[in-house]
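Note on naming: letters A, B, ... go to the chains in the order of the sequence lines (proteins, then strands), and numbering restarts at 1 for each one.
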There are 2 protein chains.
Amino acid sequence: MTREEIVMVLFDLFRRAGYDAVSIADISAATGLGKSSLYHHFPGGKPDMAGAVADFASGLMRVKVFDMLTGDGALPQKLRDMAAFVSEMYGGGGAPCLISSMMISPTAGPKAIDTVRSIMTEWINALGQALRAQGLPADEAKQRATAALVEIQGGLVVARATGDITIFETALKSAIARLHV
Amino acid sequence: MTREEIVMVLFDLFRRAGYDAVSIADISAATGLGKSSLYHHFPGGKPDMAGAVADFASGLMRVKVFDMLTGDGALPQKLRDMAAFVSEMYGGGGAPCLISSMMISPTAGPKAIDTVRSIMTEWINALGQALRAQGLPADEAKQRATAALVEIQGGLVVARATGDITIFETALKSAIARLHV
DNA sequence: GTCTATATAATGATAGAC
DNA sequence: GTCTATCATTATATAGAC
């Protein structure tokens, strides 16, 4: 089992139950690896795992979303790609956001917390750049990018709280629609 | 120290760090009470505390928001009152939502989880009823109420992740503005 | 109703063999 | 790189005095 495969399991565990609720024994059971194997891959223990998951999520978003948004291409296609990836990442509205789950866990260490929180800022910046590329003024681009993230994240929270995942898909569609120039 | 005072401390601890990250020792330190005193007030232990906090939050929202929204009064004033209370409750965008923090903690017990999650549904319903009282069709009232909660909750998440609490106040104002009939 | 002292289980983490 | 066995610590929870 490669380290990245372990990290993907950790990603799912941490975002679903929160960093503190997941024990090394849980991770051992979920991966099928013994505790010592886990400490071999992550010498720093649980905080090390938190950092690896945060880096993984950050890298994934950069490759799949940020680079795509700031690269060449038409805005409508960029927005479609972002919506498709985001919907899959959040399980159509049923899977929690890692940022939200890890933000409240100081025991995960400041590095991991800073990394996950920075994902949100980078996301807004990348989206803002895609809008500026369409000729939108910088301030309006930032406002609209922020509003989109607000709608996406809020849709996820409300969908999961109410148990109605259609709320997420509706919010995501609405957020995308408002982004078209 | 009365039980409700303890619950208010628990409310703050649980929403800020999450249920699992808060130990009985933490609670003892925050309240100044010994462990045995805490178990005297909450014989069921930590899950009992989670249930009490969930009930407290549910009752607080009912008294301060739901009853107000579904009672007599003009819509603009209702919305102003809701905005003022919500902004204070969420620390102007700096304090996490208990619902979000407790939703991901299965160890808190199903009762507490169900209670906090139901707050979101009741909130949407109360807001929808206030809109229907202004003559809005039921389906549109529900859609707009849901959209408002999406914007409020999303504003809180994005504000806390980015560290820019003005995002929350902007989202809250926007949500309220969209609710006026 | 609060305290001190303690029981018991689970936690994160390590040692050393293979 | 993974395992078994184990350590030290912390967790939840309880007993019993006051």
| Is Asp55(B) paired with Lys111(B) through a side-chain N to carboxylate O contact shorter than 4.0 Å? | yes
| query | Taking for each residue the nucleotide of DNA chain C with the nearest heavy atom, is it Ser36(B) or Tyr39(A) whose nucleotide lies nearer the 5' end? | reply | Ser36(B)
| task | Starting at atom NE2 of His40(B), determine the distance to atom C1' of dT2(C), rounded to an integer number of angstrom. | result | 9 Å
| Starting at CG of Asp48(A) and ending at P of dT14(C), how long is that distance when rounded to a whole Å? | 11 Å
| query | What's the closest nucleotide to the Ala25(A) side chain, out of dA13(C), dT2(C), dT11(C)? | reply | dT11(C)
| query | Taking all atoms of both residues into account, what is the closest heavy-atom pair of Ala54(A) and Val116(A), and its distance? | reply | CB-CG1, 3.7 Å
| task | Could you state the atom-to-atom distance from CG of Leu38(B) to P of dT2(C) in whole Å? | result | 9 Å
| Closest to the His41(A) side chain, choosing from dG1(D), dG12(C), dC3(D) | dG1(D)
| note | Of the listed dC3(C), dA13(D), dT2(D), the closest approach to the Lys46(B) side chain comes from dA13(D)
| Taking atom P of dT2(D) as reference, at what distance in whole Å does atom CD of Glu5(A) sit? | 10 Å
| query | To the nearest angstrom, how far is Phe42(A) atom CZ from dG12(C) atom C1'? | reply | 15 Å
| request: Quickly work out the Asp20(B) CG to dG12(C) P distance and round it to whole Å. | output: 11 Å
| Rounded interatomic separation in angstrom, taking NZ from Lys35(B) and C1' from dA15(D) | 14 Å
| task | Evaluate the ring planes of Phe168(A) and Tyr90(A), with Trp represented by its six-membered ring, and classify them as parallel (under 30°), tilted (30 to 60°) or perpendicular (over 60°). | result | perpendicular
| note | Closest of dG12(C), dC3(D), dT12(D) to the Ile24(B) side chain is dT12(D)
| query | Thinking salt bridges, do Asp20(B) and Lys46(B) make one under a 4.0 Å N-O criterion? | reply | no
| Rounded to the nearest Å, what distance is computed from the CD1 atom of residue Ile27(A) to the C1' atom of nucleotide dA13(C)? | 13 Å
